[in-house]
Amino acid sequence: MNPHSEATDTADNDDESNEFEAWTALQTATDHPRANLLADIVGHPQKAPSVKELDYMNPALGEDAIRRHLGVLQDVGVVAELVVAPGDRVRGYPYKFYRLTTSARELFDRNDLFPADAWQRQYARVEKPGDIAELEAMPRPASDPSDD
């Protein structure tokens with residue numbers, strides 16, 4: 001069974017209608033591990049971390065679990081994936097980054113969830129090794145408005 005389909009009863013409808021469902025998004029986002037990932041996305045200096053950066057901030061999860069949680073969040077329209085074009089990729093560096101969608105940010109703002117200022121301060125307090133600091137500084141691909 002696909003773990004992404006368990007997160008929502010409307011997964012098939014979402015694919016066809018491409019509508020953002022606030023209730024499903026809130027239920028999905030407030031799951032403890034996903035909430036931690038969202039807090040790190042919001043707190044990230046560029047608001048779009050890679051899986052490697054999220055793994056550093058959430059070592060108990062591991063990269064595979066992080067990818068699964070990000071997939072669930074993508075399925076309900078909370079997170080969008082930013083992808084570096086194949087010709088612009090640098091070997092050894094991530095080419096996928098994750099950011100909140102506009103719909104999710106608006107929903108969270110209306111419900112006082114994941115306040116950016118607070119999570120940015122929290123994220124900045126975490127000491128990071130050189131490789132993670134280097135990843136934080138990497139440029140991110142431009143957002144595609146169709147991802148929202």
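Within the 4.5 Å cutoff, side-chain heavy atoms of Y93 are placed close to those of E134. In this structure the side chain of V83 never reaches within 4.5 angstrom of the side chain of F97, judged on heavy atoms. Two residues are said to be in side-chain contact when any heavy atoms from C-beta on lie closer than 4.5 Å; S50 and Y95 fail this criterion. In this structure the side chain of M57 reaches within 4.5 angstrom of the side chain of V126, judged on heavy atoms.
Cluster membership check: W23 does not share its hydrophobic cluster with L38, using side-chain heavy-atom separations under 4.5 Å among Ile, Leu, Val, Met, Phe, Trp and Tyr.
Taking CG from N36 and NE2 from H69, the interatomic distance works out to 9.5 Å, rounded to the nearest 0.5 Å. Rounding to the nearest 0.5 Å gives a distance of 6.0 Å between CZ of R67 and CG of D64. If you take CD on E81 and OH on Y98, they are separated by 4.0 Å, rounding to the nearest 0.5 Å. Atom CZ of R68 and atom CG of L61 lie 9.5 Å apart (nearest 0.5 Å). Rounded to the nearest 0.5 Å, atoms CG (L82) and CZ (R99) are 5.5 Å apart. Distance check, rounded to the nearest 0.5 Å: CD1 of I41 to CZ of R105 gives 11.0 Å.
Closest of all the heavy-atom pairs between N111 and L107 is ND2-O, 2.9 Å. The minimum heavy-atom distance linking F108 with A29 is given by the pair CZ-CB, 3.7 Å. Smallest separation of non-hydrogen atoms from V42 and A116: CG1-CA, 3.5 Å. In terms of heavy-atom proximity, E136 sits nearest to Y123 at OE2-CE2, 3.0 Å.
With hydrogens and angles ignored, the 3.5 Å screen pairs no side-chain donor or acceptor of Q46 with any backbone N or O of P139. Side-chain N or O atoms of N58 include one that pairs as donor or acceptor with a backbone N or O of L54 at under 3.5 Å. Distance alone, capped at 3.5 Å, places no donor-acceptor pair between the S103 side chain and the F20 backbone.
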Between T102 and E106, is a side chain to side chain contact (heavy atoms under 4.5 Å, CB included) present by the stated rule, with each step listed? CA-CA 6 Å; T102 302; E106 290 169 355; 3.4 Å; yes
task = Check the pair L26, L113 against side chain to side chain contact (heavy atoms under 4.5 Å, CB included), reporting the backbone distance first and the verdict last.
result = CA-CA 10 Å; L26 283 172; L113 295 171; 3.4 Å; yes
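Each of V79, D75, V76 was compared with T28 under the side chain to side chain contact (heavy atoms under 4.5 Å, CB included) criterion, and only V76 meets it.
For the salt bridge (charged side-chain N to carboxylate O under 4.0 Å, His left out) condition, the pairs that include at least one residue of residues 38-56, sequence neighbours left out, are K52-D131, E53-R140.
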